[in-house]
Amino acid sequence: MAFILSRRQFLKASAAVGGGLALEFSFPLSSADAEGATGTTEVNAWVVIHTDERVVVRIARSEMGQGSYTALAQLVAEELECDWSKVSAEFASPNEHIRRNRIWGSMSTGGSNGVRSSQDYVRKAGAGARAMLVQAAAARWDVPVRECTVARGVISHRPTLRTLRYGQVAAAAAQLAPPAQVKLRDASDWTIAGKPVQRLDIPDKVRGKPVFGVDVALPGMLHASIAQCPVFGGKLKSVDAHAAEKMRGVKKVLREDGYVAVVADSWWRANEALKKLDIEWDPGANGSASNESIAAMLREGLADPGLPQARKQGDVGAALASAATVIEAEYHSPYLNHATLEPQTCTAWFRPDGFLEVWTSTQNAEASMAAAAKAAGLPLEQVEVHKMMLGGGFGRRGAPQDFVTQGVTIAKAMRGTPVKMMWSREEDMQHGYYRPASLVRMKAGLSAQGKLVALHARIACPSILAVLQPGRNTSGVDFTAVRTLSDMPYTVPHQQIDYAMRNGHVPVGFWRAPGQQNGFYRECFIDELAAAAGKDPVEFRLGMLNEGDKNRLVLEAATRAAGWGTPLASDVHRGVALVNGFGSYAAIVAEVSVSAKGELKVHRIVLAIDSGYVVNPDTCRAQAESNVVYGLGSILYQENNVKDGRIVESNFHDFRLPQISEMPKVETVLVPTGGFWGGHGEPGILPLTAAVCNAIFAATGKRIRSLPLTHHDLRKV
Amino acid sequence: MLELKVNGRIHSVDVEPEMPLLWVLRDHLNLHGAKYGCGISLCGACTVHVDGVAVRSCSLPVASVAHKEIVTIEGLSQHGLHRIQQAWIENQVPQCGYCQTGMIMTAAALLAKNPQPTDADIDATMTNLCRCGTYARVRQAIHSAAGAPATRANAAKS
Ligand code: FES
Ligand code: FES
């Protein structure tokens with residue numbers, strides 16, 4: 001605690017720095033005073049109870065729109081058996097997390113893990129706090145615990161008609177040892193979890209409260225805008241800052257290895273001055289890389305005779321040689337930026353006492369702590385990262401912490417003054433950690449009866465893990481590059497999946513449901529095989545799924561809800577696809593039409609998903625809608641092209657996002673079967689592309705084997 | 001010095017006349033509701049009202065709006081929540097929320113001009129971009145706000 005100013009002390013100190021200016025300072029949605037002001041008790045690390053009965057649940061994962069902030073609070077409150085109307089949430093402090101021996105578990109928020117990977121310990125925390133509160137009440141009354149009951153935060157002793165509220169016993173409960181074992185409530189008894197309660201973060205968001213990383217405002221704060229070497233891996237050669245330095249409000253031009261930053265008294269001034277810099281870059285070895293050189297790299301990978309295998313079962317060579325029909329196809333996807341609507345941002349302040357405070361929109365506060373500490377040259381204990389709400393994440397702000405390193409480096413040069421760095425949209429578009437471009441060749445053998453007997457796929461794709469976790473992967477196979485093909489649920493006797501790790505110079509990262517391109521490839525190819533076998537695409541798939549397989553269940557649920565096989569308006573056609581991942585099972589039926597001019601309209605998406613349990617059904621539906629729009633952009637328009645070593649696209653005119661007029665009707669069918677915990681942030685996108693492209697085939701007879709559709713002429717042949 | 005009327009209050013700001021309104025609001029007046037998403041009028045995250053019209057403040061030189069009525073999300077309603085904001089909560093529209101203040105300002109201006117917008121009106125007006133895909137709920141919330149007259153009872157609810 002020695003290095004931490006209390007929030008109230010900080011406000012006072014800040015006011016002094018600000019010279020009496022009435023500047024706003026806001027912590028993200030914090031309603032609890034974590035410093036233990038009178039009336040506030042931390043019953044355990046997750047549960048804070050006020051004497052006025054307000055309950056604050058601490059949240060360790062980040063909130064980027066996916067709803068974990070509320071869902072996790074629901075799970076804690078469910079076990080706590082408190083009054084939901086009195087519950088609010090706040091982010092756990094990463095600094096305290098480090099000093100308390102990582103008491104809040106993982107802070108990383110990706111892979112649709114927010115709820116499913118913390119549900120066990122957060123529910124136990126809620127149940128543990130409940131047990132301690134009851135024990136404290138029983139002790140006060142001097143009665144056995146088993147005679148006490150709890151409802152909505154009120155403990156009752158029926159035999160003597162006495163009651164106590166949680167707020168009245170919280171302080172005593174906090175003194176007790178946590179129970180060694182707790183029993184969790186059965187999902188069928190849930191009253192708070194499993195319900196579509198309103199999200200806790202929404203009221204502030206509709207009011208325009210300053211909850212995001214870019215909204216941080218500190219007394220005396222300066223602003224920074226940066227220009228990074230447009231060629232990945234390149235360096236700064238020289239910069240003439242003469243004109244920029246003379247511009248109004250400009251405080252400093254900072255020269256770093258791979259970027260230049262301008263610090264000024266407003267972001268616009270910093271960015272205008274940045275445009276006036278005369279910068280010469282040294283592009284390094286990658287200055288001539290292009291779409292063509294990347295395509296050649298991937299193609300060379302496919303031809304490599306010595307590739308490692310991600311899966312080998314049976315003998316594909318022999319099975320293909322004796323198959324009645326052999327079908328072969330090649331599919332391709334481009335690089336894609338995450339394009340979070342809030343650009344990358346980081347505010348940092350080296351306090352006079354040597355402590356570093358950082359405010360940022362991060363999917364992984366611990367990774368932010370590590371990056372900040374490293375850039376500052378400070379031990380973790382002398383760093384705090386304030387977790388702000390994220391204006392979108394989608395995988396961009398987790399493993400890569402480039403923006404934190406930069407923000408801290410810039411503030412270090414301005415020691416004592418807080419600096420908020422924000423990237424322009426152009427920087428954000430051109431300095432992502434892109435969804436990898438990939439090239440896949442698939443070869444399949446059908447028996448005389450039209451059964452799929454052999455599948456051989458060769459995947460050439462940059463490795464995300466090689467970029468983000470260098471040294472960790474030694475097998476030569478990156479599971480994020482091969483999944484969905486290497487772990488097919490279909491019963492195909494002969495399978496071989498080869499992986500060509502071809503990395504190139506474009507940084508790659510976890511883009512919503514990393515590996516989802518393989519869902520496009522596999523499920524479109526399966527559709528091609530069904531057509532070749534003369535079978536209905538649903539029947540063809542069901543014929544390869546074992547009884548009891550949950551993939552089967554969601555496929556049946558989606559096709560039933562969509563009315564597969566029933567008549568549609570004459571110009572509307574259906575496509576289907578099925579992919580499991582991120583703990584859940586998902587199937588989609590898409591309905592599309594293609595006009596005589598070749599214009600695609602996606603009318604309806606029916607998405608069935610089995611996530612085992614559903615903590616907030618409304619949030620799960622919202623995530624389904626979100627996955628559909630996110631995927632739709634990549635189907636329709638989005639691509640990041642490479643020319644002269646750099647990304648060509650720069651803003652939303654050449655990296656378009658779908659608009660409201662393009663939004664299809666999304667129907668979400670939640671079919672939680674219990675017994676496992678799956679995610680919702682990503683699974684919905686997995687079958688989307690294939691379902692839409694298969695519907696395009698049904699409408700036009702054209703197979704789409706690469707995206708986006710802007711490269712295809714959809715007019716009927 | 002430039003005089004700006006924002007949310008009913010007059011502010012004197014000492015800024016370049018070409019500075020976009022968005023940055024005057026965010027960095028000089030400490031109003032962070034309007035967001036930066038693209039800077040070139042493509043996304044609508046920066047939408048505010050100028051004389052009742054929804055405009056993209058990232059591309060509006062501040063000098064052009066001197067002496068006009070500027071309203072930001074912070075001043076959208078004098079009493080509690082605007083019915084659009086209520087509809088946004090009832091329909092649980094926001095996900096990350098970053099585009100939402102711009103969406104709300106665009107929707108509020110639409111309803112002020114066109115109290116019963118059709119789907120086609122919504123398609124034509126609500127060109128704001130949302131990376132999280134909240135569009136279905138935006139549409140639903142506009143329709144539900146259109147159905148709910150702005151009564152005092154509504155305002156009091158918040
Ligand atoms: S920031 Fe103004 S339209 Fe995008
Ligand atoms: S809610 Fe995230 S960008 Fe719209």
Side-chain angles (χ1 to χ4, degrees), chain A residues 23-24 63-67 196 198-199 201-212 214-215 217 223 248 265-269 339-343 389-394 422 424-426 618-619 622-623 625-630 632 651-653 657-663 665-666, chain B residues 15-16 18-20 22-24 26-28 30-40 42-43 45 72-74 76 81-82 84-86 88-90 92-101 104-105 119-120 122-139 158:
Chain A
L23 283 176
E24 182 172 20
E63 178 58 55
M64 48 190 157
Q66 85 284 23
Q198 295 200 335
R199 280 173 45 165
D201 53 333
I202 282 185
D204 278 357
K205 288 177 176 176
V206 304
R207 284 177 171 89
K209 290 271 173 66
V211 297
F212 298 100
V214 295
D215 295 338
H223 301 256
R248 184 165 174 195
D265 59 3
S266 91
W267 188 80
W268 183 78
R269 285 173 179 157
T340 57
L341 202 56
E342 177 191 43
M389 291 286 170
L390 285 71
F394 316 113
M422 184 187 82
S424 66
R425 173 57 53 196
E426 288 76 12
D618 190 54
T619 301
Q623 281 307 292
E625 292 156 22
S626 179
N627 274 294
V628 168
V629 185
Y630 204 79
L632 193 60
N651 207 316
F652 294 129
H653 63 288
L657 308 188
Q659 294 192 351
I660 197 168
S661 56
E662 292 153 291
M663 176 79 192
K665 185 166 194 287
V666 177
Chain B
V15 297
E16 300 82 325
E18 69 272 23
M19 184 184 284
L22 174 65
W23 298 108
V24 180
R26 288 185 62 83
D27 290 351
H28 294 267
N30 217 35
L31 292 167
H32 291 97
K35 305 291 187 226
Y36 167 86
C38 69
I40 52 174
L42 294 172
C43 74
T72 69
I73 187 87
E74 290 90 344
L76 181 61
L81 290 178
H82 188 279
I84 276 281
Q85 290 168 305
Q86 289 171 28
W88 243 247
I89 292 177
E90 282 154 20
Q92 294 284 290
V93 177
Q95 287 186 28
C96 85
Y98 196 77
C99 71
Q100 296 293 325
T101 50
I104 288 169
M105 295 307 282
D119 278 340
I122 292 173
D123 284 351
T125 310
M126 301 299 300
T127 54
N128 303 48
L129 300 179
C130 174
R131 187 55 164 153
C132 300
T134 59
Y135 296 129
R137 289 164 187 243
V138 166
R139 185 186 303 284
S158 58

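Letters A, B, ... are given to chains in the order of the sequence lines, protein chains preceding strands, and every chain is numbered from 1.
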Asks: With only heavy atoms counted, which part of A:T619 is less than 4.5 Å from chain B, the side chain, the backbone, both or neither?
Replies: neither
Asks: Counting only heavy atoms closer than 4.5 Å, note whether A:F212 contacts chain B via side chain, backbone, both or neither.
Replies: side chain
Asks: Quick check for you: among A:M422, A:Q66, A:Q623, which has the greatest number of heavy-atom pairs under 4.5 Å with chain B?
Replies: A:M422
Asks: What heavy-atom pair brings B:R137 and A:E625 nearest, and what distance separates the two atoms?
Replies: NE-OE1, 2.9 Å
Asks: Verify, without hydrogens or angle tests, whether B:K35 (side chain) and A:D215 (backbone) share a donor-acceptor contact under 3.5 angstrom.
Replies: no
Asks: Compare every heavy atom of A:I660 with every heavy atom of B:R139, then report the nearest pair and how far apart it is.
Replies: NH2-O, 3.4 Å
Asks: Roughly how far, to the nearest 0.5 Å, is the CD atom of B:Q95 from the NZ atom of A:K205?
Replies: 9.0 Å
Asks: For B:I122, which atoms come within 4.5 Å of any heavy atom of chain A: side chain, backbone, both, or neither?
Replies: both
Asks: Should the ring pair A:W267 and B:Y36 be called parallel, tilted or perpendicular, given that the plane angle runs from 0 to 90° and is split at 30 and 60?
Replies: tilted
Asks: From A:N651 CG over to B:I40 CD1, what is the distance, rounded to the nearest 0.5 angstrom?
Replies: 3.5 Å
Asks: Please classify the contact of A:L657 with chain B as side chain, backbone, both or neither, using a heavy-atom distance under 4.5 Å.
Replies: both
Asks: Rounded at 0.5 Å granularity, tell me how far NZ in A:K209 sits from NE2 in B:H32.
Replies: 14.5 Å
Asks: Do the non-hydrogen side-chain atoms of A:L341 and B:Q100 ever get within less than 4.5 Å of each other?
Replies: no
Asks: When rounded to the nearest 0.5 angstrom, what distance separates CD in A:Q659 from SG in B:C43?
Replies: 11.0 Å
Asks: Taking atom OG of A:S661 and atom CE of B:M126, what is their separation to the nearest 0.5 Å?
Replies: 12.0 Å
Asks: Look at B:I104, B:V138, B:T101, B:I89 and state which one has the largest set of heavy-atom pairs under 4.5 Å with chain A.
Replies: B:I89
Asks: Do A:V214 and B:R26 make a side-chain contact, defined as non-hydrogen atoms from C-beta onward lying under 4.5 Å apart?
Replies: yes
Asks: If you look at every heavy atom in B:N30 and A:A217, which pair is closest and at what distance?
Replies: OD1-CB, 3.5 Å
Asks: Provide the closest heavy-atom pair for A:W268 versus B:D27 in the form atom of the first, atom of the second, distance.
Replies: N-OD2, 4.3 Å
Asks: Any side-chain heavy-atom pair from B:V15 and A:R269 closer than 4.5 angstrom?
Replies: yes
Asks: Which one of B:C99, B:C96, B:G133, B:G33 has the most heavy-atom pairs closer than 4.5 Å to chain A?
Replies: B:C96
Asks: Which bit of A:V629 comes within less than 4.5 Å of chain B, counting heavy atoms only: side chain, backbone, both or neither?
Replies: side chain
Asks: How close do B:Y98 and A:G391 get, heavy atom to heavy atom, and via which atoms?
Replies: CB-CA, 3.8 Å
Asks: Determine the minimum heavy-atom distance between B:Q85 and A:R207, stating which atoms define it.
Replies: NE2-CA, 3.8 Å
Asks: Under 4.5 Å from any heavy atom of chain B, what part of A:M663 do you find: side chain, backbone, both or neither?
Replies: side chain
Asks: So which of B:E18, B:H82, B:E74 has the largest heavy-atom pair count under 4.5 angstrom toward chain A?
Replies: B:E18
Asks: So, do B:Q92 and A:P196 sit near enough that their side-chain heavy atoms are less than 4.5 Å apart?
Replies: no
Asks: Can you tell which of A:G67, A:P203, A:P343 has the highest number of heavy-atom pairs within less than 4.5 Å of chain B?
Replies: A:P343
